[in-house]
2 protein chains.
Amino acid sequence: MNSLEEVTDFVKNGHKHYLPHISIDNVIFGYHDQQLKILLLKWKGLNGWGLPGGFIKRREPLSEAAHRILEERTSLSNLFLQQFEVFGDSPYRVKERNPKDFRDKFGLEVDEDNWLFERTLSIGFFALVDYSKVSVTTDFFTEDYQWWDVNEVPDLLFDQNEVVDKALLTLRLQIYHQPIGYNLLPSTFTLPEIHTLYETILGKELDQRNFSKKLTNLGLIKKLDERRNIGPHRAPYLYQFEKETYEEALKEGIVHTY
Amino acid sequence: MNSLEEVTDFVKNGHKHYLPHISIDNVIFGYHDQQLKILLLKWKGLNGWGLPGGFIKRREPLSEAAHRILEERTSLSNLFLQQFEVFGDSPYRVKERNPKDFRDKFGLEVDEDNWLFERTLSIGFFALVDYSKVSVTTDFFTEDYQWWDVNEVPDLLFDQNEVVDKALLTLRLQIYHQPIGYNLLPSTFTLPEIHTLYETILGKELDQRNFSKKLTNLGLIKKLDERRNIGPHRAPYLYQFEKETYEEALKEGIVHTY
DNA sequence: GCAAAAGTGTTTCAAGTACACCCATGG
DNA sequence: CCATGGGTGTACTTGAAACACTTTTGC
């Protein structure tokens, strides 16, 4: 959505194509180089940072909408993407929005009863990606994007800090019950790499020996015969996920701690 | 909503008071006499069983709406009530509904574009109650109610079997991480009572000695000096929940299995 | 040979699981 | 005294946690 015509049509006629009153907010966790980050977009006019989000098409399945919205921004499909909560309690989520702001800030003429300004609940989804593989797209409403460290998320628009906090909490809870890493690591990776990934997501240290025992005992990863050459140090072995065990664990859940 | 005037107004003008496109479905688990049941309503016209549900008022916080809808049916307030998933993927949740059916079945005249017939996502909530304390209310659309054993839920309207299945799954998962029982048991109860409650919810046997050790070690319940007189058998001791520990565990979660 | 990172095993402790007998009560 | 249900303790097994030294590599 880049041209003025497209945007005007979206604002004026969007309610014919999208469901009003419900939006999707995606919390996109990106991992790379031992850092866990979140994708934020800088909104024009509003002059603040917010989550990539969007609306559900009138005949579009919910999860398809979440994937489409994610793909529009990141060009990535087939990701692990999960709904975690509907936000509809905070003061912002109860009141109507203000069309005057919109007119001033975007220079678009809108009616008082435009669909965008009615009360809108938001369904939170989160996804995990390797952010070095992501090329982010901005549009008419957004002028910039940035990956922010999860520990340094700025004040966000609306109630979106709450959304991010809840997503992070859910992710950390989930890591105890489901395998994570398939979308975040290259197809072959080393033990130190996946070890650091888990430490980064959980925000705490994990004993390296116990950690590798755990993953190996669960049968989630298997050692290959190759090693990776990493400069002046001992070459680490490469591993890869055991696809079947991994999928199984995703479905059935794991009962354990790390 | 009982009189014809009220109903007609709801159908015609409901969209002015409620948010269209989103509804709430409550899965109300009721426990009593060693049985875990679910509250279902029999719909007039549609001639099938379904969940008690409703719409969100335009300025009403989401969780308040869920509580209101629950209270309208059960007269119970302040219950443990939790959202667990938004349903928006199944074929029923994608297509529009059919106003012809409605006219035929309820004898109400409605326009093609009436708000009730647009596509509607549903937010699933579940609650836990002692069903002997519940007096259920029906209305214009519902002619009967019944508590159904969770293992004998009939074919439900729309996609609601999926909703019930997911609620039960969530409840069973949750019982491993949160204390349950405060809303389901009298203020004082015996060990066999809470033991059976957990067995019933999980649908499997739990060793009685290990179970009581667990709850006591976690500090969730405390033994009183009284006993309950239960006919021709040894009188069991009464217990009650440790309010502080219980609330703490609700907030923080428990890491354990049973 | 040295700096930097990888790899590897054992012990300890806590928690979960399995298991069976005696006790109390009312009829 | 007997039928029914309540109450209690111990041994075993499993998994989590703590912990340090040797190996490899390129410079």
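Reminder, nothing fancy here: chain letters follow the sequence lines and each chain counts from 1.
Counting distance only, with no hydrogens placed and no angle test, the side-chain atoms of His233(A) and the base atoms of dA4(C) include a donor-acceptor pair under 3.5 Å. Between the side chain of Lys214(A) and the base of dT14(D) there is no donor-acceptor pair of N/O atoms closer than 3.5 Å. Contact of Arg209(A) with dA20(D) (side chain to base): a donor-acceptor pair of N or O atoms is detected under 3.5 Å.
What separates CD of Glu205(A) from P of dA17(D) is a distance of 14 Å, to the nearest Å. Atom-to-atom, CG of Leu224(A) to P of dA6(C) comes out at 17 Å; the value is rounded to the nearest Å. Whole-Å rounding puts the Asn210(B) CG to dT14(D) C1' distance at 14 Å.
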Anything under 3.5 Å between a donor and an acceptor, one on a side chain of residues 23-33 of chain B, the other on a protein residue two or more places apart or in another chain? List them.
unit_1, atom_1, unit_2, atom_2, d
Ser23(B), OG, Leu121(B), O, 3.4
Asp25(B), OD2, Ser122(B), OG, 2.7
Tyr31(B), OH, Leu197(B), N, 3.3
His32(B), ND1, Asp130(B), OD1, 3.3
His32(B), ND1, Ser132(B), OG, 3.3

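You'll find that the side chain of Arg234(A) is closest to dG7(C), out of dA18(C), dG26(C), dG7(C). Closest to the Pro192(B) side chain, of the nucleotides dG26(C), dG7(D), dG7(C), is dG7(D). The side chain of Leu191(A) has dG7(C) as its nearest neighbour among dT25(D), dG7(C), dA20(C).
Using a 3.5 Å distance cut-off with no hydrogens or angles, the side chains of Glu199(A) and Gln34(A) do not pair a donor with an acceptor.
With sequence neighbours left out, the ring pair (Phe, Tyr, Trp, His ring centres under 6.0 Å) criterion links His67(B) to no other residue.
Looking at Glu247(A) and Lys251(A), no side-chain N of the basic residue comes within less than 4.0 Å of a carboxylate O on the acidic one, giving no salt bridge.
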